[in-house]
Amino acid sequence: MEKKISKNKNWIENFDPLEILSCGQAFHWDMEEDGSFTTVHKDQWANVKKEGKNISWIFSEKDQKEEWFSYFDLQTDYKGIIERIDTIPLMKEATEYGKGIRILKQDPFETIMTFIISANNHIPRITKAVKDLSRIYGKEIGEYNGRALYSFPNPEEFSKASQEELRNIIKVGYRDKVLIETGKRILSGEFDLAKAGSLSTEDLRKELLDLPGVGPKVADCILLFAYQRMEVFPVDVWIHRVMEEYIFGEKGSKKEIHRKSVELFGKEAGYAQQYLFYYGRAKGIGKKEKKPH
DNA sequence: GTCCAGGCCAGAC
DNA sequence: GTCTGGCCTGGA
């Protein structure tokens, strides 16, 4: 089952599972003791390990190279992207620091629900909620390193969850209601996941904003991580501070920062956002000082 | 005890 | 359209 990539290694410099999975776009993965990463996508899982210039894969089933290479976006030339967006000082440091980042092609339903949960929330709790949702309502899809792996529930499976269970067991807090409602709209086809992919970015954004629990930031994350709309620029508190302090040099509302960033980076804004976000967050750029107590 | 976190939403201007 | 406060939860 183990596959090693023998040719076309140009992308290896721009491929680091740690950076790809921990840069905030995905929540359904584990780091193993040997430094490898096990990640779940739809009803499949993969374990990937990078050691120097060697990358080894274990797939849940044979011959899944194509699917996983697509999931990890290995056909895109990130070196070229970095060269094109390296037009401002901080970006050079950011792309060097996070040069192994790639934007995953994630499942739309999982991305929508996960990023609704992510709003005003902490990463450990988001990760736990995603795992619990999968374990309780999803399917067991296999085992790795003695640990059972579960798929994220599809819309029908998710509809089995009650508001009380979401709040009391999954601990999504006040987001319980909007998760239920959005799940219903997707299951009924009122929001059509497949059709959504053929809409223009502007139209799809409007449709997403109609879903309960989805605001501008969450909509942009869904557009970027599930529908490959690379021209969007999700603005959260971190990227907001980075852009204010290091790129524009002046304060601005979320909307202003969003508009100016999209204008600055154009069609590759999503990539720029990921590099700046990962770098800014790792370096604690603009982080508020904690009050001693 | 108090504050805040990878925002959203309703209500007020 | 823009601004403000409240919100589950739990760790610092």
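By convention in this document, chain letters (A, B, ...) are assigned in the order of the sequence lines, proteins followed by strands, and residues within each chain are numbered from 1.
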Quiz prompt | Side-chain heavy atoms of A/Lys184 within contact of A/Ser159, under 4.5 Å | solution = no
Exercise. Give the rounded distance in Å between these two atoms: CG of A/Leu211 and P of B/dG7.
Key: 19 Å
Quiz item: So what does A/Pro216 touch, heavy atoms closer than 4.0 Å: a base, only the sugar-phosphate, or nothing?
Solution: sugar-phosphate
Quiz prompt | Residue pair A/Trp11 / A/Thr76, side-chain heavy-atom distance below 4.5 Å | solution = no
Exercise. Nearest whole angstrom, please: distance from the C1' of B/dC9 to the NZ of A/Lys217.
Key: 17 Å
Quiz item: Just checking A/Ile239: base, sugar-phosphate only, or nothing, at a heavy-atom cut-off of under 4.0 Å?
Solution: nothing
Quiz prompt | Minimum-distance nucleotide to A/Lys255 side chain [options: B/dG6, B/dC8, C/dT2] | solution = C/dT2
Quiz item: Separation of A/Lys251 atom NZ from C/dC3 atom C1', in whole Å?
Solution: 17 Å
Quiz item: With nearest nucleotides of DNA chain B determined for A/Arg281 and A/Leu209 from heavy-atom distances, which residue corresponds to the more 5′ nucleotide?
Solution: A/Arg281
Quiz item: Tell me: CZ of A/Arg241 to C1' of B/dC4, nearest whole Å?
Solution: 11 Å
Exercise. Report yes if the side chains of A/Ile112 and A/Ile186 come closer than 4.5 Å at any heavy-atom pair, otherwise no.
Key: yes
Exercise. Give the B/S/- string for nucleotides 4-11 of chain C, one per nucleotide from 5' to 3', where a protein heavy atom under 4.0 Å of the base yields B, of only the sugar-phosphate yields S, and otherwise -.
Key: ---BBBB-
Quiz item: Rounded to whole angstrom units, what separation is found between the CD atom of A/Gln274 and the P atom of B/dG6?
Solution: 15 Å
Quiz item: If you look at every strand shown and take non-hydrogen atoms under 4.0 Å, does A/Val218 touch a base, only sugar-phosphate, or nothing?
Solution: sugar-phosphate
Quiz item: What residues, two or more places apart in sequence or in another chain, satisfy side-chain hydrogen bond (donor to acceptor under 3.5 Å, both in side chains) together with A/Trp29?
Solution: none
Practice problem: Please report the C-alpha distance between A/Gln273 and A/Ser261 in whole Å, then the side-chain angles of each, then the deciding distance to 0.1 Å, and finally whether the side chain to side chain donor-acceptor pair (under 3.5 Å) criterion is met. | Solution: CA-CA 9 Å; A/Gln273 195 272 3; A/Ser261 301; over 6 Å; no
Exercise. Could you tell me the separation between the CZ atom of A/Arg259 and the P atom of C/dG1, rounded to a whole number of Å?
Key: 15 Å
Exercise. Between C/dT2 and B/dG6, how far apart are the C1' atoms? Round to whole Å, please.
Key: 23 Å
Quiz item: When Watson-Crick pairs (N1 to N3 and N6-O4 or O6-N4) and G-U wobble pairs (N1-O2 and O6-N3) count only below 3.5 Å on both distances, what is the dot-bracket string of DNA chain C, with | for other-strand pairs?
Solution: |||||||.||||
Self-check item: Minimum-distance pair of heavy atoms, taken over all atoms of A/Ala196 and A/Tyr227
Solution: CB-OH, 3.5 Å
Exercise. Pick base, sugar-phosphate or nothing for A/Gly24, based on heavy-atom distances below 4.0 Å to the nucleic acid.
Key: base
Quiz item: Is the NZ or CZ atom of A/Lys260 positioned over A/Phe248's six-membered ring, under 6.0 angstrom from the centre and within 45° of the axis?
Solution: yes
Quiz prompt | Between B/dC9 (C1') and A/Lys254 (NZ): distance, integer Å | solution = 12 Å
Quiz prompt | Integer angstrom distance from the P of B/dG11 to that of C/dC8 | solution = 15 Å
Quiz item: A/Pro124 near the nucleic acid: base, sugar-phosphate alone, or nothing, with a heavy-atom cut-off under 4.0 Å?
Solution: nothing
Exercise. Grab the CD1-P distance between A/Ile116 and B/dG6 for me, whole Å please.
Key: 19 Å
Practice problem: Output the single nucleotide from C/dG1, B/dC8, B/dG6 whose closest atom is nearest the side chain of A/Phe277. | Solution: B/dG6
Practice problem: Answer yes if the side chains of A/Ser60 and A/Gln44 hold a donor-acceptor pair under 3.5 Å, and no otherwise. | Solution: yes
Exercise. Flag the pair A/Tyr279 / A/Tyr97 as yes when their ring centroid distance falls below 6.0 Å, and as no otherwise.
Key: yes
Self-check item: Pair A/Trp45 + A/Tyr71: ring centers closer than 6.0 Å
Solution: no
